[in-house]
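Notes for the one structure printed next.
None of the values given here were measured: they were computed from a predicted structure. Lettering of chains follows the sequences in order, A, B, ..., and the numbering in each one begins at 1.
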Amino acid sequence: MIYKNIEIEEIENGIKIIGQSNFEPSHIFDCGQCFRWMKEDDGSYTGVAMGKILNISKRDGDIILLNTNLGDFENIWYDYFDLGRDYGQMIDKLKVHDDNLLKATEFGHGIRLLQQDGWEMLISFIISSNNRIPMIQRAINNISENYGDCLGEYKGKTYYSFPSPAQLSKASVEDLRNLKLGFRDKYVYETTKAVLESGLDMVDFIKMEADICHKELMKFKGVGAKVADCIALFGMRKYDSFPVDVWVKRVMQEFYGAEDMSLVKMRAYGRDLFGEDAGFAQQYLFYYVRELEIGK
DNA sequence: ACTCAGGACGCTA
DNA sequence: TAGCGTCCTGAG
């Protein structure tokens, strides 16, 4: 059947997406935008998003989504995997910009920017600050196991939802420290309290103009310019965001002749250079240099 | 035992 | 407003 712009097929316990050339699970899940997708022994990925356990793999050019159904595909996964966007067209735009993007989009083919939950991004990227990916994953798993809902088992493992603000507010600073958040414990604690007490719904940030959104995000404890850009890009559909970490800073200096400037100045430099597609450019470039350790 | 990687905060000037 | 010390953890 055809759903919106794509061809899908209902299969046992799931959905098959037919003939998507720009969909590469390993690149999507390893490009630094998400922390809860783990590779199984059979090469598929299992993760939790939007309170659901999903398994995903690529077979004969088709994408297989398991442990789901048509309703969830239409209501959740279509948007989550940004299936309404033509990534072929996006790549065509980026690769004529310059040769670095040409190489980066070839290398990172099949990357898609996931439309993730804003609240989960807020907490996840606070935890990411000055931290490494395995440690971030562990901390997020810990808070999910301790404060989220049990979603049941899949392939012998038990999965938990990411806790809501109300659920996470049950954790003290000490609890969070014990869950290995490190010095970010107090940031997560303060931010959770701020969200809960203000009655803010992080979904409302999607409607904000990008610069306002960025500014509002930076009001939370533990959220600086880079973390705010990640939250805005991955959780609030602000595709002109340009998160600058040490890797992106290196790219801009190595590839684009930028001076050794502060992260905030580098952010403006990148946004000027790449315009409304800055977030996509950043993602391909980041994945490219990080995987190949270019400029280290 | 020591060094390093990785961003935000808060103090100083 | 810029510059810099500090925060935590695990790997090498």
Side-chain angles (χ1 to χ4, degrees), chain A residues 29-36 38 116 118-147 168 171-195 202 205 211-236 238 241-254 258-272 278-279 282-283 285-296:
Chain A
F29 299 132
D30 291 339
C31 72
Q33 62 180 323
C34 55
F35 303 106
R36 301 203 69 195
M38 296 297 162
Q116 302 181 79
W119 157 249
E120 181 175 336
M121 293 301 98
L122 174 62
I123 298 302
S124 297
F125 280 94
I126 288 173
I127 293 170
S128 82
S129 94
N130 214 307
N131 207 350
R132 316 170 99 148
I133 290 171
M135 303 300 111
I136 303 165
Q137 291 174 329
R138 187 179 63 173
I140 292 171
N141 273 332
N142 287 344
I143 61 176
S144 299
E145 278 180 25
N146 283 274
Y147 298 99
L168 194 54
S172 67
V173 176
E174 293 72 29
D175 293 333
L176 295 169
R177 176 62 61 95
N178 290 333
L179 297 179
K180 312 310 277 180
L181 273 70
F183 60 83
R184 309 149 197 92
D185 54 4
K186 52 192 177 296
Y187 302 151
V188 169
Y189 179 84
E190 291 296 329
T191 294
T192 301
K193 209 167 68 168
V195 169
M202 299 312 292
F205 282 63
D211 288 331
I212 306 285
C213 179
H214 191 260
K215 213 168 277 175
E216 288 300 312
L217 285 170
M218 283 187 58
K219 290 182 180 172
F220 293 109
K221 282 272 167 23
V223 180
K226 188 268 179 180
V227 167
D229 266 325
C230 288
I231 301 164
L233 181 58
F234 305 134
M236 283 141 195
K238 302 297 179 247
S241 299
F242 196 74
V244 180
D245 66 351
V246 293
W247 290 93
V248 173
K249 191 176 174 205
R250 280 180 203 142
V251 179
M252 299 309 287
Q253 296 185 107
E254 287 269 324
E259 300 293 316
D260 183 6
M261 56 182 96
S262 71
L263 296 184
V264 173
K265 281 187 180 165
M266 196 68 88
R267 169 178 193 267
Y269 189 96
R271 296 184 83 200
D272 283 346
Q282 188 272 2
Q283 204 57 26
L285 290 167
F286 171 79
Y287 185 62
Y288 180 52
V289 298
R290 199 175 193 293
E291 290 294 305
L292 300 180
E293 302 204 336
I294 293 171
K296 202 180 169 189

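- Residue A:R184 has its side chain nearest to C:dC8 when only B:dG7, C:dT9, C:dC8 are considered.
- Of the possible polar contacts, none joining the A:R184 side chain to the A:G222 backbone as a donor-acceptor pair under 3.5 Å is found.
- Checking the phosphate oxygens (OP1, OP2) of C:dC8, a side-chain nitrogen or oxygen of A:R177 falls inside 4.0 Å.
- With the nearest nucleotide of DNA chain B identified for both A:V223 and A:V246, A:V246 has the one nearer the 5' end.
- Here the side chain of A:R132 is nearest to one of B:dG6, B:dA8, C:dG10, namely C:dG10.
- Considering only side-chain N and O atoms, A:R250 lies under 4.0 angstrom from the phosphate OP1 or OP2 of B:dG6.
- A:M266 has its side chain within reach of A:Q253: a pair of non-hydrogen atoms, C-beta onward, lies under 4.5 Å apart.
- A close approach under 4.0 Å does not occur between any side-chain nitrogen or oxygen of A:W247 and OP1 or OP2 of B:dA5.
- Nearest to the side chain of A:K180, among C:dG10, B:dG7, B:dG10, sits C:dG10.
- Rounded to a whole Å, the NZ atom of A:K221 is 18 Å from the P atom of C:dC7.
- In the model, A:D175 has a side-chain atom that pairs as donor or acceptor with a side-chain atom of A:S172 under 3.5 Å.
- Map A:K265 and A:N131 each onto its nearest nucleotide of DNA chain C; the residue landing nearer the 5' end is A:K265.
- Looking at A:L122 and A:V223, their side chains come closer than 4.5 Å, going by heavy atoms from C-beta outward.
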